[in-house]
Amino acid sequence: MEIVRPQSHRNLFSSNDAVSVPSLPLYRSAPPLEVRLEDFESFAIDRLRVLKGISDGLSRGKKPEEMEKLVKELWKVNMRHQHASEVLNKDIISHFVLRLVYCRTEDLRKWFLSMECALFRYRFRFLTPEAQRAVMDNFDLTCRAVNNVEFESIKEKLGQVARSMGQPSPTVDAIFYKVPFEEVPELVAGRKVFISQGYAYVAMNQVVSLVATLFRSQLSKTLILTNRKWTSSIREQEKHRLTPIVEALSSSYLGPDFSQPREYAEISLKDIDQVAKSSFPLCMRHLFDKLKEDHHLKHGGRMQLGLFLKGVGLNLEDALAFWRAEFSKKVGLEKFEKDYSYNIRHNYGKEGKRTDYTPYSCQKIISSTPGAGDQHGCPYRHFSEENLRAALSRMGVNSRAMEDVMDKVRNRHYQLACTLTFEALHGMTCDAGINHPNQYFSDSQKILQPKKDSSAQNLVTARE
Amino acid sequence: MIPQQQSDFDHNYLKPYYGKLFPFADIFKWMTYGHDGKHPGCDQSYFGRREFSFTLKGDFYLRFQSFNNALELENSIKEKCPLKIDIGPVYTVDPAKRHAYAQGDNNVFAPVERELIFDIDMTDYDDVRYCCRGADVCLNCWPLMTIAIKVIDASLRDDFGFNHILWVYSGRRGVHCWVCDGKARRLTNEQRASIADYYRVYKGNENSHKKVSLMGAALHPFLATSYTNVLKDYFEKILLTSQNLLATEERYEKILSMIPDESIASELRGKWQDSRRSSSAKEDINVVRWEQCKQLLQSGKHKAQGLRRCVEEIVFFFTYPRLDMEVSKHMNHLLKAPFCVHPKTGRVCVPIDPNQCDDFDPTTVPTLFQLLEELNNEGSRADVNGEWNGTSLGNAIALFRTSFLEPLQKACKEEIERSYNLKLQQSKNSVGW
């Protein structure tokens, strides 16, 4: 890709490429295009709006059908171009620019990878079957279709899998792809494929998952390479032209992750019992209550609650005192120091590889899998209706709000359920919706302790 | 419940155990995976990049231990006498030098290979066994572990195509599984998580309601096979009776609560509340009641939604393996090494042959005291195979070698040779135009 000054010619484009590139580009190599400097930045920003929109949608727990519509809309609105022939160029160029922007740290790479993969996945679903096959050809998939002989030998098992998902058994002309099970982790995890001797048999309607994994693995490798190129040559070469643009583009889009506790929310040990009752979301309230009751929590619970408390402003010393006070009642002081205090310090980045762990978002908590003896997870998702009602009424949710909340739960809108709980308990609407337990806490504190509001507002706008 | 008399363990006896019995050479051979330097294709750094962890007396914990060769490993263990030895992953670089590589954000110190591991612990089954609780195990509940081994082992081989699988008794109340194929060692965390989730059926704790939920018009082939080949028989022929699952009101109520149709539950309750005297002494009451239960649930008279798979759900609830998900999902999770001695029971963590796991008896596993006594009685008879040969440990080590280590080594060598030849071929091809 060649970046040219604004006064120069229009974008050049080799007409041969237009035919061979599928309508859903795989971004395998930077195409021979010229890009105007102003387009360099604006294309990237447009694409970033799409990716950010996807990120918001996912963290609000939107279901796949809603996400599909959202992606379609976001793409239409932001990725247009006045010249129809330029749409594909904009797509490709914007992707490559953002690669430069987001290759530079592990966190950035992780975010970009997730969003680009989600985008790819939803766009793939919109393609015509021919276009989908073209993409699959690019991944060398069509050659792995199962032949008739093999199909006959496993037909019954394939039928069982389909019926276990409430789908009809495959007919004789159904196409299946035989791929190493490593390539379809999602399908394996959900027991949605027949697996034999290390191979998974993927149905045509599951191909999205397969293609998405392959796309992801390809992009993941490329990002690392791009990072190396960036650090070793590009950043220096472009330090007066592209580098400042690239660096500016990334800092505005990661959103608050609560890894830096906000000043106004700093709590101390003596406050904890009180704020737990008034401002903790249900998931943390439950963990807190269980901890007080049993003087113990399993690992998942310690992580979820511990990091939340860190995000809320509990410093390491107070955190150690807090956990020690509870655990020592069950396991004794010595065992606490030996077995548990290390992990607490680890969470604060004071041990081991010294990563400063960030508190879990709702998305992460909802998708966790609490098992026997665990108390973590999202109660709206993981509790039975009975237990959830009991927990909510202990929190003080009135019976009318309770029904609205349970309705959301039945429709699997767990974060909306939590938002309604928040609204019922605080008597105020929460327009942004809850997507992080620490957000619930800080919003709650904002309402309950309004005199600290002005400094909070300043903090919020500064970060945004 | 078989009470543990005084624990067969004393830290002082670890010294002679490590001195004469612990199979260092075998563990080393395993951990080198063929990279013993005898072939030009060997990676000399491989063993040195493996993490070991020691738990010492007084609960001191030493992580990131690494060794360049068998002798270093042996000397360190003999010198430190760890209560427990854990095995971690193989990293990109020697773990002892990790700080030099953890710069900023691009963390070059990371795991690159790690066996696929599973940990199955009897305490996770406390809600389905009445004979013991917590750390205790007995021959009435041990079949739950036998079931887990059979189900998981068959699937690892048939579904995932793995071949080099080691099952180990954890020393007290469970079993560990090490899948050592190259393909398994190179799995990413995501892939490991997907396999763990594939095996997950029991989803619950005291907060949730329905703990086993088998939807759909049919069972996935893996679940169906497990049910037909293992679960059904163990439930009906062993556990029903040994756990008296339907013998008392408290116990049958638990099963009745899993039937979503109240009219069926009431009908059964009615039969059972009165039948205490009427059932013949010959037939076990649990078996009789289960038959009645099955008949009603499968009769087809009641076609309600949730009933379709009710029988299977009950069987799965009481028998299906419950894995510790977290152990399997992360490459950097440590796991206790085989042949360690469990400090609470004194028992050695011996391998279990999956093909003979029905015969495995946790109450007769050799203990530290027992082995040392055997050594004393035999006199110091130097054996070419090592002094363990004359002791009860002999069988365990022989099993480890013949059923696991030797086939594994053979496969590893073949792999090393294959990839070496491939590299040679590639470099030849690239030289020529």
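In what follows, every heavy atom counts, from backbone to side chain, and hydrogens, waters and symmetry copies are set aside. Numbered from 1 within each chain, the chains take letters A, B, ... in sequence-line order.
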Taking side chain as C-beta onward, heavy atoms only, is [X] less than 4.5 Å from [Y]?
{"X": "B/Y198", "Y": "A/L187", "answer": "no"}
{"X": "A/I195", "Y": "B/F160", "answer": "yes"}
{"X": "A/R191", "Y": "B/L223", "answer": "yes"}
{"X": "B/D59", "Y": "A/E337", "answer": "no"}
{"X": "A/V161", "Y": "B/P221", "answer": "yes"}
{"X": "A/F181", "Y": "B/L187", "answer": "yes"}

Given that the side chain runs from C-beta out, which part of [X] has a heavy atom under 4.5 Å from chain A: side chain, backbone, both or neither?
{"X": "B/A224", "value": "side chain"}
{"X": "B/T188", "value": "neither"}
{"X": "B/R322", "value": "neither"}
{"X": "B/Y61", "value": "neither"}

| query | If you count heavy-atom pairs under 4.5 Å between each of A/E182, A/Q167, A/M165, A/K157 and chain B, which one has the most? | reply | A/E182
| message | I need the contact set between residues 113-127 of chain B and chain A: heavy-atom distance under 4.5 Å, sorted by residue number. | response | B/D124
| query | What part of A/K338 is in contact with chain B, defined as an atom under 4.5 angstrom from a non-hydrogen atom: side chain, backbone, both or neither? | reply | side chain
| field | Structural part of A/V184 lying under 4.5 Å from a heavy atom of chain B | value | neither
Near [X] [atom1], under 6.0 Å, is it more than 12 heavy atoms from other residues, nucleotides or ligands?
{"X": "A/E334", "atom1": "CD", "value": "no"}
{"X": "A/F215", "atom1": "CZ", "value": "yes"}
{"X": "A/K155", "atom1": "NZ", "value": "no"}
{"X": "B/K183", "atom1": "NZ", "value": "yes"}
{"X": "A/E152", "atom1": "CD", "value": "yes"}

| Side-chain donor or acceptor of B/H220 paired with backbone N/O of A/V193 under 3.5 Å | yes
| task | State, to 0.1 Å, how close B/A218 and A/Q160 come at their nearest heavy-atom pair, and which atoms those are. | result | CB-O, 3.8 Å
Quick one: of [options], who has the most non-hydrogen atom pairs under 4.5 Å with chain A?
{"options": "B/Q191, B/R63, B/E326", "answer": "B/Q191"}
{"options": "B/S194, B/A193, B/A196", "answer": "B/S194"}
{"options": "B/D159, B/D197, B/I195", "answer": "B/D159"}

| query | Once you round to the nearest 0.5 Å, how far does OG1 of A/T369 lie from CE of B/M325? | reply | 7.0 Å
